[in-house]
Amino acid sequence: MAPPERDETTLRRYLLRTLAEAERVELEAEALRDDAAFERLQAVEDDLFHDYARGGLPDGERRDFERTLLLTPGGARRLEEARAFLGRLGVRAEPRRAARWVSPVWLAAAAVVLAVAAAWLLRGTPAPPRQAQQPSPALPVPSPPLSPAPPAAPASPTVPSRVVSLALSPGLVRGSGSMPRLHITDRVASITLVLSLPPRVSGRTFDAALRSAEGTVVWREAGRRPDRGGATLTLDLPATELPEGDYELVLERPASGGREPVADYPFRLLRD
Amino acid sequence: MALRVPREGAARWTLTEQAFEALLGLLGPDRERAAERYESIRRKLTRVFAWRGFANPEELADATFDRVARKVDDGVDMHASDPYSYIHGVALRIAQEQWRADARARAVPEGLADSHAAGEWPRDAEPAATGEDVERRLQCLDECLGALEAGARELLRRYHGGSSHIADRRALAGELGISATALRLRAFRLRATVQECVRRCAERGRETEPAAPA
């Protein structure tokens with residue numbers, strides 16, 4: 001007798017590796033024996049790639065997808081193909097959801113670096129472009145929303161501020177109190193982001209894209225090299241072109257068939 | 001049909017022609033059908049290993065068959081009526097061994113471990129696509145989507161569009177008078193058709209491409 005059809009949730013949980021081992025084994029045995037069961041799994045897998053490409057996965061599944069299917073051999077290429085397919089089909093991406101995932105690996109580090117370092121020149125002498133303290137993932141500091149660092153230069157009422165810096169770690173919670181915030185005034189011309197790169201991520205160059213809360217890419221820069229030491233990567237954003245709101249800096253690197261995501265860094269920009 | 005050529009020079013045991021034939025014998029009395037089953041199970045095992053998070057799923061699928069063939073060749077008695085369970089059991093053992101090997105390798109100081117064990121992102125075996133490749137594939141995608149029936153395109157658009165996947169897909173399945181699973185499979189097969197069309201179109205493009213000057 002044919003085994004009962006598994007429901008979609010179970011298949012998704014199998015693929016996203018959140019199913020109990022005993023059930024995984026049972027399901028695999030069915031799929032090996034039964035072509036129809038295997039095809040149902042493939043169909044759900046393909047749905048997950050397309051749903052992710054469209055930005056339509058709930059937060060939990062999105063996080064699980066990023067640590068499972070996306071990392072399977074050919075996963076990045078499949079994602080690119082899914083994006084191209086949906087784009088050519090005329091399906092629009094969903095606006096990015098408010099809440100974002102928290103990588104378990106990164107929680108600790110995330111908690112940390114927010115503490116960061118924002119070198120903030122209010123009325124000071126124009127600052128050199130790299131004022132942020134280097135983020136230290138090992139720093140045991142709790143993570144309040146970003147608090148501006150003290151002025152890095154003596155105050156001078158005659159010179160407008162120009163650069164604000166912010167150090168970020170990937171995978172922080174969006175829409176919660178722990179989201180890093182950056183307060184700027186209209187006098188700020190440039191925002192320097194110091195991104196803490198995930199450990200063991202190799203890559204000589206990275207592409208960066210800044211997405212608004214609606215998912216629109218508002219700024220992009222390709223081929224950026226990590227800073228000396230390889231633990232961070234520094235970017236300068238044009239502050240004058242960025243309205244107040246939530247953003248996500250997405251870091252990618254070249255991969256066969258396109259690019260593969262490395263990390264993303266959400267933050268909230270507030271104007272005083 | 002094309003079968004995997006038994007690997008030669010394996011460290012401790014080599015899959016011989018005789019062992020391979022014994023393996024096929026396990027999969028059925030008709031050699032042709034057994035060979036098809038072998039290919040099908042191998043393809044599935046490869047996916048299963050990938051879904052379990054291994055960066056070398058094809059190798060592990062082959063290792064599974066090598067071990068099963070060895071057992072059969074050694075004369076180990078197994079129920080031919082359900083070779084799937086046996087093969088799956090072996091695959092799970094292989095997975096466990098690989099997982100332990102990876103765990104050991106992870107303990108090796110960084111720089112000495114191989115890239116997979118060190119947690120590097122798995123790299124695709126195929127070479128990176130050039131800009132021309134990408135452009136060609138996009139053109140092919142347009143052509144292949146254009147070749148779909150309008151109804152099929154609309155189905156895909158509605159399947160992937162909408163603000164709520166679950167509710168919208170359920171409603172679409174209701175309109176079509178089919179189950180949600182049947183709708184998912186229909187969309188999957190349509191996408192697979194387009195994908196295959198793109199692959200063939202891109203290959204044709206490469207074949208007709210003028211040779212690069214020496």
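In what follows, chains carry the letters A, B, and so on, assigned in the order in which the sequence lines appear, proteins first and then strands, with residues in each chain numbered from 1.
In this structure, chain B has a heavy atom under 4.5 Å from the side chain of E81(A), while its backbone stays farther away. Neither the backbone nor the side chain of D7(A) comes within contact range of chain B; no heavy atom of the residue lies under 4.5 Å from a heavy atom of that chain. Only the side chain of Q195(B) comes within contact range of chain A, judged by heavy atoms closer than 4.5 Å. Looking at L138(B), both its backbone and its side chain come within 4.5 Å of chain A, counting heavy atoms on both sides. Interface residue A29(A): backbone and side-chain heavy atoms are both found under 4.5 Å from chain B. Neither the backbone nor the side chain of R158(B) comes within contact range of chain A, judged by heavy atoms closer than 4.5 Å. The contact between R17(A) and chain B is made entirely by side chain atoms (from C-beta outward), counting heavy-atom distances below 4.5 Å.
Below 30°, between 30° and 60°, or above 60°: for Y247(A) and F267(A) the angle between ring planes is below 30°, a parallel geometry. Ring pair F65(A)/Y52(A) is parallel by interplanar angle, where below 30° counts as parallel and above 60° as perpendicular.
Across V25(A), L69(A), V44(A), L86(A), the residue that shares the most heavy-atom pairs under 4.5 angstrom with chain B is V25(A). Of the residues considered (L145(B), V198(B), I87(B), L45(B)), L145(B) shows the highest number of contacts with chain A, using heavy-atom pairs under 4.5 Å.
A salt bridge between R189(B) and E39(A) is present, with a side-chain N of the basic residue lying under 4.0 Å from a carboxylate O of the acidic one. Salt-bridge formation is detected for the pair D47(A)/R184(B): a Lys NZ or Arg NE/NH1/NH2 atom is positioned less than 4.0 Å from an Asp or Glu carboxylate oxygen. Between E203(B) and R200(B), no side-chain nitrogen of the basic residue sits less than 4.0 Å from a carboxylate oxygen of the acidic one, so the salt-bridge criterion is not met.
Under a cutoff of 6.0 Å and an axis angle of 45°, R224(A) and F206(A) do not form a cation-pi pair.
Residues F85(A) and E80(A) have side chains not in contact (no heavy-atom distance under 4.5 Å, counting atoms from C-beta outward).
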